[in-house]
Amino acid sequence: MKQIVVLTGAGMSAESGIRTFRDSNGLWEEYDVMEVASIEGWRKNPELMLRFYNERRKQMYECLPNKGHLLLAEMEKDFDVKIVTQNVDNLHERAGSTHIIHLHGELSKARSSVDPNHIYDIGDKAINPGDKCEKGSQLRPHIVWFGEEVPAMEEAVKIVESADILCIIGTSLNVYPAAGLLHYAPYGCPIYLIDPNPPFDLPKRVQVIAKGAGAGVEELVKRVKQV
Ligand code: APR
């Protein structure tokens, strides 16, 4: 089976009702990213950050996977599909995809703030000040914040390097190291990018499908059958 690697960003979940970050009305228009999504912010005001992620976790469970998520899961019938997502929602999982790497963490998990190996499934529960891990430290969201390493990056690079086809969906390619993954695609590996407003200055080899995730993945399914 051919291996399709799919790199997704916030635009993948836009049609499910989850806000992106840098579109108009994006999250970073309303919040200061360094206050609510950075390790500095956590040190300064952990209560604010707990509230920010509790809100996003609650909202995630009010949303459903969209057609794009569902079609990617269905593609597993004909391809070895590996999803590398920047998204912290669980919509790929809930759509039925089975091989997913979360580069920036997962809203449905909490972890110890002193030992990153202590990770806990919390589903839609809030994390409140005073909630402690088994080592007695404050629990934090299992999210990779600005200023922190991306532990899954090495695994993600290996997967992109072994892709037969790479598809990028719904990301402005603004944030590294995730945005650099496309450069690891093997020579000759077709690269598709699905986005109604595609980023500028893409490498010539990238074939743009200027549509939303749902219609875009529908188009992708047709195109990859001819590869
Ligand atoms: N279908 C597909 N793409 C869409 C849709 C849609 N319906 N709606 C918007 N988009 C596209 C936008 O055109 C944009 O290119 O999704 C992209 C969203 O870009 P960002 O908001 O920058 O999100 P993302 O690229 O995922 O951000 C990367 O930044 O703040 C951090 O950790 C956060 O993982 C996030 C990272």
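Atoms within a ligand are numbered from 1 in the order they appear, just like the ligands themselves.
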Practice task
State, with a plain yes or no, whether a side-chain heavy atom of Cys133 is found less than 4.5 Å away from one of Arg111.
Solution key: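 A side-chain contact is absent here, since even the closest heavy-atom pair is not under 4.5 Å.
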Handout entry: Close side-chain approach of Pro46 to Arg140, heavy-atom, < 4.5 Å
Key = no
Exercise for the section: Using the side chain to side chain donor-acceptor pair (under 3.5 Å) rule, pick out the option among Lys109, His142, Glu134 that qualifies with Tyr120. Expected result: Glu134
Exercise for the section: Let me see the working for Met1 and Phe79 under side chain to side chain contact (heavy atoms under 4.5 Å, CB included), right down to the final yes or no. Expected result: CA-CA 5 Å; Met1 260 186 179; Phe79 297 92; 5.6 Å; no
Handout entry: Pair Arg19 + Glu30, salt bridge at N-O below 4.0 Å
Key =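 Yes, charged N to carboxylate O under 4.0 Å.
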Problem - Within the protein, residues bringing a heavy atom under 4.0 Å of ligand 1, chain by chain - result: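 Lining ligand 1: Gly9, Ala10, Gly11, Ala14, Glu15, Thr20, Phe21, Arg22, Asp23, Trp28, Gln86, His104, Phe146, Gly170, Thr171, Ser172, Val175, Asp195, Pro196, Asn197, Gly212, Ala213.
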Problem - Any donor-acceptor pair under 3.5 Å from Gln59 side chain to Asn54 backbone - result: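 Answer holds: no.
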